[in-house]
Asks: 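What follows is a single structure, and I will ask about it in a moment.
Residue numbers begin at 1 in each chain, while the letters A, B, ... track the order of the sequences.
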Number of protein chains: 2
Amino acid sequence: MSKSLLVLGPAETAACCSPLSSQPLSAQQAGQVAPLLKALADPVRLRLMSLVASHAGGEACVCDLNDAFDLSQPTISHHLKVLHDCGLLDREKRGVWVYYRARTEALASLGALIGSASP
Amino acid sequence: MSKSLLVLGPAETAACCSPLSSQPLSAQQAGQVAPLLKALADPVRLRLMSLVASHAGGEACVCDLNDAFDLSQPTISHHLKVLHDCGLLDREKRGVWVYYRARTEALASLGALIGSASP
DNA sequence: CTTGAACATCGATGTGTGTCTATGTCTGAT
DNA sequence: ATCAGACATAGACACACATCGATGTTCAAG
């Protein structure tokens, strides 16, 4: 079966709407955006996201990320999977190593949705 | 005991730092920001926040909010308390009614922290 | 083919959370 | 003083989640 219609992750279709303060979010919109926020609403995942996004080259290897935390390797792997599944992190395997890359457009859309001052 | 030193809620001291992609978040910073995101990371609370923020006059009465959901009154009250406790919502009682107001500066700080494209 | 390293998946466990019903606390009106 | 309405709190319960150790999978090297 073809996956050609699903090249875009959930993050692309969720946060591309008007800011919170401009008009009420529909139940459906809220249901799409909330999972993205939930993925970020964990101290470890927030730091992971920040580490990957601010890393040189725009990507970071899992081995580097593991060392930055006092947690087990499966736990870090789990958090990375959460961020990847909701479309906030891209994943690429090169040899034995796996590199993650932040989806800055998704982050930008989310940020724009949350914070937009009204006059 | 005086509360004069606590006029500012948690939201003011949490999200006033550099964007995610510029430099790695410290564990302490992540620990301060995550609760704010966790408060927003629920479809009901996200809609509540949006309803209050986009409401005429910048504030909304609880009775109005209750009618917008198919949930019990205590449940809505609980969600409003979560948003209020983390500093995203201001609370004011006038007569029998209670009005909530969105802290747009807190929302703006959070949005800026999450979404900021890097060159 | 075997070994070791990098990473993911699985199953278990304690803790957190969203929701409800029932009850409490104000406040204005009768 | 009593009553009714608006909202908060308390307790209970089902479910989700963060974490771990153990195990599986994939790949490169020897």
Asks: Could you tell me the separation between the CG atom of A/D85 and the P atom of D/dA18, rounded to a whole number of Å?
Replies: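 So the CG-P distance, A/D85 to D/dA18, works out to 13 Å.
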Asks: For B/T75, what residues pass the side-chain hydrogen bond (donor to acceptor under 3.5 Å, both in side chains) criterion, not counting sequence neighbours?
Replies: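 B/T75 satisfies side-chain hydrogen bond (donor to acceptor under 3.5 Å, both in side chains) with B/S72 only.
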Asks: Would you mind reading off the distance between B/R45 atom CZ and C/dG16 atom C1', rounded to a whole angstrom?
Replies: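 Whole-Å distance recorded here is 12 Å.
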Asks: Counting heavy atoms from C-beta on, name the nucleotide in D/dC7, C/dC20, C/dC7 closest to the side chain of A/W97.
Replies: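 My answer, after comparing the listed nucleotides, is C/dC7.
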Asks: So if I take the C1' atoms of five pairs at each end of the helix from C/dC1-D/dG30 to C/dT30-D/dA1 and get each local axis, what angle do the two axes make, rounded to 10 degrees?
Replies: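 Overall, the helix from C/dC1-D/dG30 to C/dT30-D/dA1 bends by 10° from one end axis to the other.
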Asks: Taking side-chain contact (heavy atoms from CB on, under 4.5 Å) as the definition, give me every residue that meets it alongside A/C61, ordered by chain and number, with sequence neighbours left out.
Replies: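 Partners of A/C61 by the side-chain contact (heavy atoms from CB on, under 4.5 Å) criterion, ordered by chain and then number, come out as A/C63, A/D64, A/W97, A/Y99.
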Asks: Going 5' to 3' through nucleotides 25-30 of chain C, assign each nucleotide B (protein heavy atom under 4.0 Å from a base atom), S (under 4.0 Å only from sugar-phosphate atoms) or - (no protein heavy atom that close).
Replies: -SSS--
Asks: Considering every strand and a 4.0 Å limit on heavy-atom distances, what is the contact class for B/N66: base, sugar-phosphate, or nothing?
Replies: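 Counting heavy atoms under 4.0 Å across all strands, no contact is made by B/N66.
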Asks: What integer distance in Å separates B/D70:CG from C/dC20:C1'?
Replies: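 So the CG-C1' distance, B/D70 to C/dC20, works out to 13 Å.
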Asks: Please state how far atom CG in B/D42 lies from atom C1' in C/dT19, giving the value in whole angstrom units.
Replies: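 In whole Å, C/dT19 C1' lies 11 Å from B/D42 CG.
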Asks: What residue pairs, at least two apart or across chains, pass salt bridge (charged side-chain N to carboxylate O under 4.0 Å, His left out) with a residue in residues 72-83 of chain B?
Replies: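 Every pair satisfying salt bridge (charged side-chain N to carboxylate O under 4.0 Å, His left out) with a residue in residues 72-83 of chain B: B/K81-B/D85.
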Asks: Could you check how far CD of B/E92 sits from C1' of D/dC7, rounded to whole Å?
Replies: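 Nearest whole value for this atom pair: 15 Å.
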Asks: The criterion is salt bridge (Lys or Arg N to Asp or Glu O under 4.0 Å); which residues satisfy it with B/R91, sequence neighbours excluded?
Replies: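 Counting only residues at least two positions away or on another chain, B/R91 forms no salt bridge (Lys or Arg N to Asp or Glu O under 4.0 Å).
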Asks: Separation of B/L48 atom CG from C/dT19 atom P, in whole Å?
Replies: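 The distance from CG of B/L48 to P of C/dT19 comes to 10 Å, rounded to the nearest Å.
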Asks: Rounded to the nearest 0.5 Å, what separation is found between the CZ atom of B/R103 and the CG atom of B/L89?
Replies: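 That separation rounds to 9.5 Å.
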Asks: Of all residues at least two apart in sequence or in a different chain, which pass the side-chain hydrogen bond (donor to acceptor under 3.5 Å, both in side chains) check with B/N66?
Replies: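 Testing B/N66 for side-chain hydrogen bond (donor to acceptor under 3.5 Å, both in side chains), a comparison that skips the adjacent residues, returns none.
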Asks: Show which side-chain atoms of residues 38-50 of chain A pair as donor or acceptor with protein atoms under 3.5 Å away, not counting sequence neighbours.
Replies:
from	atom 1	to	atom 2	distance (Å)
A/D42	OD1	A/V44	N	2.9
A/D42	OD1	A/R45	N	3.3
A/R45	NE	A/A39	O	2.5
A/R45	NH1	A/H79	ND1	3.1
A/R45	NH2	A/K38	O	3.3
A/S50	OG	B/L20	O	3.3
A/S50	OG	B/Q23	O	3.2
A/S50	OG	B/L25	N	2.8

Asks: Let me have a per-nucleotide readout for nucleotides 8-14 of chain D, 5' to 3', with B, S or -, counting only protein heavy atoms under 4.0 Å.
Replies: BB-----
Asks: How long is the line joining CG of A/L89 and P of C/dA8, in whole Å?
Replies: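 It is 11 Å, rounded to the nearest whole Å.
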Asks: Does anything in residues 20-34 of chain B form a salt bridge (charged side-chain N to carboxylate O under 4.0 Å, His left out)? List the pairs, not counting sequence neighbours.
Replies: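 Residue pairs passing salt bridge (charged side-chain N to carboxylate O under 4.0 Å, His left out), neighbours aside: none found.
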Asks: Taking only residues two or more places apart in sequence, or in another chain, which ones meet A/K93 in a salt bridge (Lys or Arg N to Asp or Glu O under 4.0 Å)?
Replies: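 So A/K93 forms no salt bridge (Lys or Arg N to Asp or Glu O under 4.0 Å) with any residue.
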Asks: Residues two or more places apart in sequence or in another chain: which of them pass side-chain hydrogen bond (donor to acceptor under 3.5 Å, both in side chains) with A/E92?
Replies: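 side-chain hydrogen bond (donor to acceptor under 3.5 Å, both in side chains) check on A/E92 returns A/R94.
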Asks: Taking atom P of C/dT15 as reference, at what distance in whole Å does atom NZ of B/K38 sit?
Replies: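 Checked: the NZ to P distance equals 15 Å.
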Asks: Distance check, rounded to the nearest 0.5 Å: B/I76 atom CD1 versus B/L71 atom CG?
Replies: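 Interatomic distance, B/I76 CD1 to B/L71 CG, rounded to 0.5 Å: 5.0 Å.
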